[in-house]
Amino acid sequence: MKNQELAKIFYEIADYLEMEGVAFKPYAYRKAADTLESLEEDIAEIYKNKGKKGFEGLPGIGKGITKAIEEYLKTGKIRIHQQLKKKTPINLGEMSAVEGMGVKKAQKLYQKLGIRNLKELEKAARAHKIAPLFGFGEKTEKNILEGIKFLKRSKGRFLLGDILPIAREVQSKLGELKEVEQVNFSGSLRRMKETIGDVDFLVISKNPVKVMDFFVSLPGVVKIWAKGNTKASVRMAAGFDMDIRVVPHKSFGSALQYFTGSKEHNIATRRIAISRGLKLNEYGLFRGKKLVAGQTEEGVYKALGMKWMEPELRENQGEIEAALENKLPKIIGYQNIQGNLHCHSDWSDGKQTIKEMAVAAKALGHEYLGISDHAKLPIANGLNEKRFIRQMGEIDKLNKKITGIKLLKGAEVNILENGSLDIKDEVLKKFDYVIAGVHSRFKMGKEQMTERIVKAMENPYVNIIAHLTGRKIGERDESQIDLDKILRAAKEYNVILEINAQPIRLDLKDVNIRKAKEAGVKMIINTDAHNKNHLKFMEFGIAQARRGWAEKKDIINCYHLKQLLKFLK
DNA sequence: GCCGTTTTCGGCCCGACTGTTTTCAGTCG
């Protein structure tokens, strides 16, 4: 797939052009790179089948970029890129990853000192060669060294599941300050993105300085990147950054809208503002100097001709158009889930007994809990047919003893290499439902993997396919699959696709959820809990479903027990 | 270089903080 390669080159061209002080073209190249990055089909395939006509209608790809793509597909290179690189042969990505270092500084350092990469940058800073340069200074040199130090320790993006609890804790600490009237987090965290770069807080306060002082002295702060009267930024010991912004009451809505993003969503909303003769910034929506809206997000969107929309939708993936036409989806709410069909007990690799899991699920207000221990996986102490039958007996007994929650008999069986299952049909038919999942050979070819999963779906006793692509964020890539084919099979055989709520899985991911929904395929949000605390992962699965525009009717564990059982039959 | 509910030409999102060139460019979100 050439899309990512090309996107990378266009981003680089954009950086170089910015370095040269060229106006607006960098924006154009980045826009084209964004388009390529999120493009599903292979650009090379499109070109092969339809020629450059196939690029028509792709946003941000016009005459010039089309030519560049053509050049790359034919020669493997883009001349302008080569020329720019030759002129300033530096590792821009590496250099500009250092906090405070952008393209201009990188260019100067190359021109004056010949610095091309991080290693040379560190060496020069240590030898105090940077401070005397025109435009640089002692502080800049020190910041470069600190930036490099933090860069080496930082882990990039963090899992939503790891960050959200920390952010909530900080939020409640800030909320306890008497100077703080209101505090929210914003950014990708409020949009519940699966990975988070940094945490952004937004505060209403009449005494911002006090809030700033408190914020930069929070436990865990190891570096203060910036601290002003209304804005501060810190690095936490865990390796991520936190930003805070204080705004007046009358601007809270526009500030929340602005800092929630996404960036693309903001650019789009600001364009709409401009087209209506308005200006949108974090302080409000203005006509000339007159404040039109700002206190609430609802007011801002309304003044732009839109209904308020859930933060999870704000990715400029059609939500703005939908809002303008009053066609926003009514996405699933965080309180709509009635139960959970994927969890493990100490019969396989879970930590708790079935009863303990049931009690914990009941405490969360669930109406039913499906026990779905592993089949036959040796590393997971998986069950064979005999043990499954015994477990069913135990679940029957527990159902008579426990009130307030119904236990369902399930299993997570393995889809073997050839698509068959590792538990016999005569036992499969005794379960209330069967989950099938791939747990081995994740790297087989796309066609083979697709066939493997489709074959499992054909089994009449399979209700749910677990964690479809097998990805583990930051650890294991998605298996290659033909999603369209799988969605067609799911529809045909009435198989439900799981949205696995484990923060490291979130599989189906948002864009796949949206495709499943559009294909009319039902989904279920499951925690895949291996201990009772994991039952709380449900929130992350719901978030992912919301990001995928899923509605209540798309998600079968929004059903009450009776309706669910009818559906599973 | 791209694009059009004002436009095929003339725009392209907007503001805070830092450090240094002491008035603002560079960087970031």
Side-chain angles (χ1 to χ4, degrees), chain A residues 10 13-15 17-19 21-35 55-69 78 80 95-109 130-144 146-147 186-189 197-202 208 212 216 224-234 241-247 251 254-255 257-286 305 316 321 324-325:
Chain A
F10 285 153
I13 293 176
D15 284 342
L17 291 173
E18 203 168 312
M19 184 186 279
V22 178
F24 306 116
K25 283 192 193 183
Y27 176 84
Y29 277 100
R30 287 198 184 105
K31 177 100 208 263
D34 287 342
T35 295
F55 303 160
E56 277 171 21
L58 291 177
I61 296 185
K63 265 189 179 166
I65 303 265
T66 293
K67 234 176 149 183
I69 296 175
I78 296 174
I80 174 154
M95 299 274 283
S96 57
V98 178
E99 184 83 15
M101 173 78 60
V103 289
K104 299 274 169 118
K105 281 186 188 163
Q107 183 189 36
K108 266 190 201 151
L109 289 174
I130 291 176
L133 292 180
F134 186 79
F136 290 77
E138 289 295 330
K139 282 220 164 166
T140 305
E141 185 173 272
K142 194 168 151 261
N143 280 341
I144 288 173
E146 292 239 321
S186 53
S188 54
L189 192 63
D198 54 19
V199 181
D200 305 293
F201 292 99
L202 191 63
M212 294 295 121
V216 300
I224 302 167
W225 294 118
K227 178 173 174 257
N229 286 331
T230 63
K231 182 178 170 178
S233 178
V234 298
D241 292 345
M242 297 201 307
D243 298 340
I244 193 168
R245 236 352 235 276
V246 179
V247 295
S251 300
S254 47
Q257 195 279 330
Y258 170 58
F259 289 110
T260 297
S262 63
K263 196 177 163 194
E264 291 72 22
H265 177 91
N266 284 353
I267 290 173
T269 46
R270 284 179 178 193
R271 279 175 189 278
I272 291 175
I274 292 168
S275 76
R276 297 182 177 222
L278 300 163
K279 185 177 77 168
L280 178 61
N281 61 30
E282 58 260 56
Y283 297 110
L285 185 65
F286 299 89
N316 196 25
E321 293 79 0
L324 287 170
E325 293 168 27

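Below, chains carry the letters A, B, ... as their sequence lines are ordered, and counting in each starts from 1. These numbers come from the heavy atoms of this one structure, side chains and all, not from hydrogens, waters or symmetry mates.
- Not one side-chain nitrogen or oxygen of A:R245 sits closer than 4.0 Å to the OP1 or OP2 atom of B:dA16.
- No hydrogens or angles were tested; on distance alone, nothing pairs the side chain of A:Y283 with the base of B:dG15 as donor and acceptor under 3.5 Å.
- A:K139 comes within contact range of the sugar-phosphate backbone alone, with a heavy-atom separation under 4.0 Å but no base atom that close.
- Taking atom P in both B:dT21 and B:dG26, one finds a spacing of 13 Å when rounded to whole Å.
- Residue A:T230 places at least one side-chain N or O under 4.0 Å from the OP1 or OP2 atom of B:dC17.
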Output a table of nitrogen or oxygen pairs between the protein and nucleotides 23-25 of chain B separated by less than 3.5 Å.
none

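- If you check every strand for non-hydrogen atoms under 4.0 Å, A:N266 touches nothing.
- For the P atom pair drawn from B:dT8 and B:dG15, the interatomic distance equals 28 Å after rounding to whole Å.
- Atom P of B:dC13 sits at a distance of 23 Å from the matching atom of B:dC17, rounded to the whole Å.
- To the nearest 0.5 angstrom, A:N143 atom CG is 9.0 Å from A:E99 atom CD.
- Within 4.0 Å of A:P26, counting heavy atoms only, lies no atom of the nucleic acid at all.
- Computed from coordinates, the A:E56 CD to B:dC3 C1' distance equals 15 Å when rounded to whole Å.
- Between the A:S96 side chain and the A:V103 main chain, no donor and acceptor come within less than 3.5 Å of each other.
- In terms of phosphate contacts, A:K25 brings a side-chain nitrogen or oxygen within less than 4.0 Å of OP1 or OP2 of B:dG1.
- A:S275 comes within 4.0 angstrom of a nucleotide base, judged by non-hydrogen atoms across all strands.
- At whole-Å resolution of the value, CD in A:E99 and C1' in B:dC28 are 7 Å apart.
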